[in-house]
Amino acid sequence: VPRYAVFGNPIAHSRSPAIHQMFAAQEGAAIEYERILAEPGRFAESAAAFFAAGGLGANVTVPFKTDACAWADSLSARARAAGAANTLIKQPNGQIHADNTDGLGLVADIRRHFQVALAGKRILLIGAGGAARGVILPLLECRPASLTIANRTAAKARELAETFGASAAEFAELPAAGFDIAINATSGSLSGQVPAIAAKVFTQCELAYDMAYGREPTAFMRFAQNAGAQRSADGLGMLVEQAAESYRLWRGFSPNTAPVLAALRAGEI
Ligand code: ATR
């Protein structure tokens, strides 16, 4: 049986095994997909052991995406740009290729599930850590009218904007009604902290997207909707879409994501 895994710390909560087993059922294939808890600083050993034992592919989550990028034998352009990898693929020659499907997952979710076009839009990306960095290139490839990166620590936003050819702005100087799509990539969202951005910034927003997710709408989603955003979304769809792209890279089969997202929302998987 082909073996796959997801590496992270913590990892017990990961939904990836359930998601990938649903994809395998769609394909009519039997796969093994396990959670592997790696110790901080020991990702390379864990991953090497898994692939030496016959593993064919792996997902990588917090906090090992940078380690995975450094450890792999080769990188896709988008993994190199992100400086982080969430997908590892064993090549026929035994080498490990790293890719990053997070940005594609975000873009696919915004387009497919929310039917929102990104081309020509004014996009605000909040945050300048690893999660933000990973989605900049795929967002720019959608040809938005503008991509503005804003971060609590402004220097980090400026640095990213320079690297990728986007714009940067401080929280306090973001224009009122200035954006069509706002994407929250701050880690504080996981613990209910909302970035200190004025409500007036969101009044023209057609979609406020939080890369975090939970059982309830996130604090950022509630804040943006109260501020006048037409719709808000959490990152569960991005999770499913990035997984589907990983699955396609491993197996050449494109899963249907809608029933998998529905099953997750319904708490069935
Ligand atoms: P990740 O890999 O999840 O992106 P990270 O690289 O540690 O994690 O980056 C965390 C990001 O969330 C940063 O942009 C951070 O802002 P700073 O650079 O100013 O630290 C942002 N962040 C975390 N908590 C936040 C909060 N309460 N308000 C605003 N931004 C926050």
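One-based numbering along the sequence shown.
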Report task. Let me see the working for L160 and I136 under side-chain contact (heavy atoms from CB on, under 4.5 Å), right down to the final yes or no. Result -> CA-CA 9 Å; L160 272 192; I136 296 172; 3.7 Å; yes
Requested in this report: Could you go through the side-chain contact (heavy atoms from CB on, under 4.5 Å) check for T257 and H113 one step at a time?
Outcome: CA-CA 10 Å; T257 50; H113 297 302; 3.9 Å; yes
Requested in this report: Dump the intermediate steps for salt bridge (Lys or Arg N to Asp or Glu O under 4.0 Å) on E206 and R231, then the final yes or no.
Outcome: CA-CA 6 Å; E206 55 180 305; R231 284 195 294 171; 5.8 Å; no
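A distance-only check finds a donor-acceptor pair linking the side chain of D180 to the backbone of R122 [under 3.5 Å]. Remark: the backbone N or O of G129 is not paired with any side-chain donor or acceptor of K156 at under 3.5 angstrom. A donor-acceptor pair under 3.5 Å is formed between the side chain of Q242 and the backbone N or O of L239. No donor-acceptor pair closer than 3.5 Å links the side chain of S14 to the backbone N or O of I11. A donor-acceptor pair under 3.5 Å is absent between the side-chain atoms of D109 and the main chain of G105, judged by distance alone. Of the possible donor and acceptor atoms, one in the side chain of W250 sits under 3.5 Å from a partner among the backbone N and O of L88. A donor-acceptor pair under 3.5 Å is formed between the side chain of N151 and the backbone N or O of A128. Side-chain N or O atoms of Q21 include one that pairs as donor or acceptor with a backbone N or O of I31 at under 3.5 Å. No donor-acceptor pair closer than 3.5 Å links the side chain of R3 to the backbone N or O of L56.
The heavy-atom pair separating N59 from S246 by the smallest distance is ND2-OG, 3.1 Å. Scanning all heavy atoms of the two residues, the minimum distance from A212 to S189 falls at CB-OG, 3.7 Å. Across L174 and A169, no two heavy atoms sit closer than the pair CD2-CB, 3.7 Å. Heavy atoms only, all atoms of each residue included: S16 and Y33 are closest at CB-OH, 3.4 Å. Annotation for M211 and A185: closest pair SD-CB, 3.6 Å, computed over non-hydrogen atoms. Minimum interatomic distance between A132 and G127 (heavy atoms only, all atoms of both residues): CB-O, 3.2 Å.
To the nearest 0.5 Å, atom CZ of residue F64 and atom SG of residue C69 are 15.0 Å apart. Note that CZ of R35 is 9.0 Å distant from NE2 of H13, once rounded to the nearest 0.5 Å. Put simply, CD1 on I110 and SG on C142 are 8.0 Å apart, with the number rounded to the nearest 0.5 Å. Atoms CG and OG, on N9 and S46 in that order, are 9.5 Å from each other to the nearest 0.5 Å. Between atom CG of residue L125 and atom OH of residue Y209 there is a gap of 12.5 Å, rounded to the nearest 0.5 Å. Taken from CZ in F164 to CG in L137, the straight-line distance is 6.5 Å, to the nearest 0.5 Å.
Between F7 and F50, the ring-plane angle classifies as perpendicular under the 30° and 60° cut-offs.
When side chains are defined from C-beta on, R133 counts as touching T163, because their heavy atoms get closer than 4.5 Å. Counting heavy atoms from C-beta outward, N256 and Q26 have side chains that approach closer than 4.5 Å. Looking at heavy atoms from C-beta onward, W71 lies out of side-chain contact with D67 at the 4.5 angstrom threshold. Side chains of M221 and N184 form no contact here, defined as non-hydrogen atoms less than 4.5 Å apart. In this structure, R78 and L104 have side chains that are in contact, with non-hydrogen atoms separated by less than 4.5 Å. Proximity of Y247 to F253: side-chain heavy atoms (C-beta onward) are separated by under 4.5 Å at one or more points. Within the 4.5 Å cutoff, the side chain of I123 has no heavy atoms near those of the T148 side chain. For the pair F171/R152, a side-chain contact is recorded, criterion being any heavy-atom separation below 4.5 Å from C-beta on.
Enclosure of atom CD in E216 is not indicated, since only 12 or fewer non-hydrogen atoms of other residues, nucleotides or ligands lie within 6.0 angstrom. Other residues, nucleotides and ligands contribute only 12 or fewer heavy atoms inside 6.0 Å of the CZ atom of R143.
Results of the side chain to side chain contact (heavy atoms under 4.5 Å, CB included) test with F220 over D210, I183, T186, I197 single out D210 as the only residue that passes.
Put simply, F179 and L147 are part of two different groups of oily side chains (I, L, V, M, F, W, Y) that touch within less than 4.5 Å, one to the next. Under the 4.5 Å side-chain contact rule for hydrophobic residues, I89 and F43 do not share a cluster. Each of F23 and M238 belongs to its own hydrophobic cluster when Ile, Leu, Val, Met, Phe, Trp and Tyr are linked at side-chain heavy-atom distances under 4.5 angstrom. Residues F114 and L261 are members of separate hydrophobic clusters, defined by side-chain heavy-atom contacts under 4.5 angstrom among Ile, Leu, Val, Met, Phe, Trp and Tyr. No single ILVMFWY cluster, assembled from side-chain heavy atoms under 4.5 Å apart, contains both L236 and I181.
There is no side-chain donor-acceptor pair under 3.5 Å between R15 and Y213. In summary, the side chains of T101 and N86 do present a donor paired with an acceptor at a separation below 3.5 Å, with no hydrogens or angles considered. A donor-acceptor contact closer than 3.5 angstrom links the side chains of D99 and S76.
Look at E241 and R112 and you find a salt bridge, because one of the NZ, NE, NH1 or NH2 atoms lies within 4.0 Å of a carboxylate O, short of that distance. Contact check on D102 versus K65 returns a salt bridge, with a Lys/Arg side-chain nitrogen under 4.0 Å from an Asp/Glu carboxylate oxygen. Using a cutoff of 4.0 Å between basic side-chain nitrogens and carboxylate oxygens, D234 and R215 are not scored as salt-bridged. Here R248 pairs with E245 in a salt bridge; the nearest charged N to carboxylate O distance falls below 4.0 Å. The pair E170-R158 meets the salt-bridge criterion, since a charged nitrogen lies less than 4.0 angstrom from a carboxylate oxygen.
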